[in-house]
There are 2 protein chains.
Amino acid sequence: MDDQILKPGDRDYVGALASGLEVLQVFDAEHPRMTLSEVAARTEMDRAKARRFLLTLHALGFIKRNGRQFELTPRVLQLGYAYQASNQYRAVIQQYLEDITAELGESSSLAVLDGDDVVYVVRSSARHRLMAITLSVGTRLPAAYTSMGRVLLAQLPEPELDAFLARVKLEAFTAFSIHSADALKKDIIKVRKQGYSIVDQELDSGLRSVAVPVFAGNGELLGAINISTNAARVDMDTLLGVYLPRLQQAAEAVRRTTH
Amino acid sequence: MDDQILKPGDRDYVGALASGLEVLQVFDAEHPRMTLSEVAARTEMDRAKARRFLLTLHALGFIKRNGRQFELTPRVLQLGYAYQASNQYRAVIQQYLEDITAELGESSSLAVLDGDDVVYVVRSSARHRLMAITLSVGTRLPAAYTSMGRVLLAQLPEPELDAFLARVKLEAFTAFSIHSADALKKDIIKVRKQGYSIVDQELDSGLRSVAVPVFAGNGELLGAINISTNAARVDMDTLLGVYLPRLQQAAEAVRRTTH
DNA sequence: AAACTTATGTTCGCATATCGAACTTATTGA
DNA sequence: TCAATAAGTTCGATATGCGAACATAAGTTT
């Protein structure tokens, strides 16, 4: 039973919890505040049901109400806080990433794999860059199209990588986007060999990034770190000749500092 | 009914959601991973009940399981993400706070009021400082004992401030901790007049900080920003003569940049 | 190896928590 | 003023979730 995952309908599955969390997650950057009817529509719940969850979340302090509009409160940060607090290496890594940003003027991040996405868990944003501003801790991006994603996929045991490749839905974000599981697998094998990944304008026009894995001194994989830049500003020689060594240096510094 | 808050036992209150969120929040820095029995003990739930919530959260991807141990996944960051994403000013403020850290070598933060606490929502940590490392986005501290808290309390309408003073439980964290609601109210009135707050070693030995409110160009209160330092390193003259003007400058820059 | 302790898995009767249809009331816009 | 939209509320029904009790597994001690 250990690896068995509950499904909705299983007697031990708590549907009210699942539905309540769905209500919490319906708020996003495009819908920071909504009426009861909007929440019901977006969650496809009966209005009375959605109302009960909104009022319960309000009672618990996770949602506030302004007239007919509901919105999240900072208390929701509490739900993710323990995840961030559970790894004391985060603060150390933050310092190294900020060094990179200070030195190269580019954004640098740490991400971990979660399902088919990477999740940003540490972020040092370069200033005055539009792309930099829109990414923050908690942001998820498809692993298949990011350099950090490919680095983390490269660390998976073969069966898990194959399972990922079997289920991943590939999408043409740009003309350069990888479009077959075969091609993706070939690239990941290459990443395994060379120890880094470069992804160039596959997710968004102009977005170019390089990533390496980062380990603690005890061998534990902490995630992938990257430097992301704009193709118009940084050519491939600079990415390989300057940015990659700097990133590898930061990964090595993390490894030596942690145990 | 607008301002009426549901209570447990009310027919519209969804107890299973409340309990499920309690399970999620039982994980913290000291208990990043726990067995089923530990979760049941810490939440004071029947073991079978705790088990159903853990397995449901596992099915939803918020918790992972290693043998008998359960721990949070990065997906929990998703729950707080919408809150962070809902205010585009956060990225702008981050830049200004990082300028302060770069220039003064001190940590600087933005916090908002949530219940009787302040919650850190933006953070620029000075490097190699123990205190800096332990505070992060999502951290909550008692509003009464922090400079940002007092600045935010000073912004409350009188009835809300009085309600806060009536219910707040004061605690002697240090010998310098304020210990009466009267003294706290006097200080907050002073903060209203002078437009900033200094709190000196009331929460922790050596911890000294100055805070000011920060508004968007349209008058919306965004929170309070602070600079926190160590009393051994920065005297009161420097705090008032150098740090405060710098903070006010950052608040003014935020006001001019946002609308 | 056996006994004991601790932990977890599972079942299922049952009480009640939650669901949603339907009706009422409030708000908004033309 | 009226129609449309939105929200509040009730309550019968029943599916959900609870927890006691028993079974099984794992770890520790003797």
Side-chain angles (χ1 to χ4, degrees), chain A residues 1-27 30-60 62-73, chain B residues 1-27 30-72:
Chain A
M1 182 54 163
D2 226 35
D3 287 280
Q4 201 72 10
I5 299 184
L6 281 190
K7 286 182 253 61
D10 288 348
R11 250 168 93 81
D12 287 335
Y13 187 85
V14 182
L17 172 60
S19 296
L21 290 171
E22 196 183 334
V23 166
L24 213 48
Q25 292 177 94
V26 82
F27 292 86
E30 289 74 47
H31 308 88
R33 69 199 65 69
M34 281 180 284
T35 64
L36 161 57
S37 297
E38 285 176 286
V39 169
R42 284 175 55 79
T43 54
E44 299 189 323
M45 285 180 193
D46 177 84
R47 201 176 43 79
K49 176 176 177 176
R51 182 172 181 273
R52 286 191 293 273
F53 287 123
L54 283 171
L55 293 186
T56 303
L57 289 165
H58 180 258
L60 296 170
F62 294 110
I63 269 173
K64 75 183 177 188
R65 170 174 207 172
N66 288 316
R68 290 177 162 192
Q69 298 270 325
F70 295 87
E71 68 186 281
L72 298 180
T73 68
Chain B
M1 181 55 162
D2 227 38
D3 286 281
Q4 201 71 13
I5 298 185
L6 281 190
K7 286 182 252 61
D10 289 348
R11 252 171 91 84
D12 287 334
Y13 187 85
V14 184
L17 172 60
S19 297
L21 290 171
E22 198 183 331
V23 167
L24 212 50
Q25 293 177 95
V26 82
F27 292 85
E30 289 75 47
H31 308 88
R33 62 199 71 68
M34 282 181 284
T35 63
L36 162 57
S37 296
E38 286 176 284
V39 169
R42 283 174 57 78
T43 54
E44 300 189 321
M45 284 180 194
D46 177 85
R47 198 179 44 79
K49 174 176 178 175
R51 181 170 181 275
R52 286 192 293 272
F53 287 123
L54 283 170
L55 293 185
T56 302
L57 289 164
H58 180 257
L60 296 169
F62 293 111
I63 269 175
K64 73 184 178 192
R65 171 174 206 174
N66 286 316
R68 290 179 163 192
Q69 298 270 325
F70 294 88
E71 66 184 285
L72 298 180

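Each chain gets a letter, A, B and so on, in the order the sequences are listed, and its residues count up from 1.
- Among dG9(C), dG17(D), dG8(D), the nucleotide with an atom closest to any side-chain atom of R65(A) is dG8(D).
- DNA chain C lies under 4.0 Å from at least one heavy atom of each of the following residues of residues 30-38 of chain B: T35(B), L36(B), S37(B).
- Side-chain atoms of L55(B) and V14(A), non-hydrogen and from C-beta on, never get closer than 4.5 Å to each other.
- Projected onto DNA chain D by closest heavy-atom contact, R52(A) and V14(A) fall at different nucleotides, the more 5' of which corresponds to R52(A).
- Residues A48(A) and G15(B) both approach DNA chain D. Their nearest nucleotides, taken by heavy-atom distance, put A48(A) toward the 5′ side.
- You'll find the side chain of N66(B) reaches within 4.5 Å of the side chain of E71(B), heavy atoms only.
- You'll find a donor-acceptor pair under 3.5 Å spanning the side chain of R47(B) and the base of dG9(C), going by distance alone.
- A donor-acceptor pair under 3.5 Å is absent between the side-chain atoms of R47(A) and the main chain of K49(A), judged by distance alone.
- The distance from atom CG of D10(B) to atom P of dT18(C) is 12 Å, rounded to the nearest whole Å.
- The closest side-chain heavy-atom distance from V39(A) to F53(A) is not below 4.5 Å.
- A donor-acceptor contact under 3.5 Å is not formed by the side chain of R51(B) with the base of dG17(D).
- Here the P atom of nucleotide dT18(C) and the CG atom of L6(B) are 11 Å apart, to the nearest Å.
- Heavy atoms only, all atoms of each residue included: V23(B) and M45(B) are closest at CG2-CE, 3.7 Å.
- Checked by atom type and distance alone, the side chain of R65(A) pairs as donor or acceptor with a backbone atom of G67(A) at under 3.5 Å.
- Between the CG atom of D46(B) and the P atom of dT10(C) there is a distance of 16 Å, rounded to whole Å.
- Following rounding to the nearest Å, Q69(B) (CD) and dA7(C) (P) show an atom-to-atom distance of 11 Å.
- Applying the 3.5 Å distance criterion, the base of dG20(C) shares no donor-acceptor pair with the side chain of R11(B).
- Remark: the backbone N or O of A48(B) is paired with a side-chain donor or acceptor of D46(B) at under 3.5 angstrom.
- With rounding to whole Å, D12(B) atom CG is found 14 Å from dG20(C) atom P.
- To the nearest angstrom, C1' of dG17(D) lies 15 Å from CG of L54(B).
- R68(A) places its CZ atom 5 Å from the P atom of dA7(D), with the value rounded to the nearest Å.
- Look at CG on N66(B): it is 18 Å from P on dA7(C), rounded to the nearest Å.
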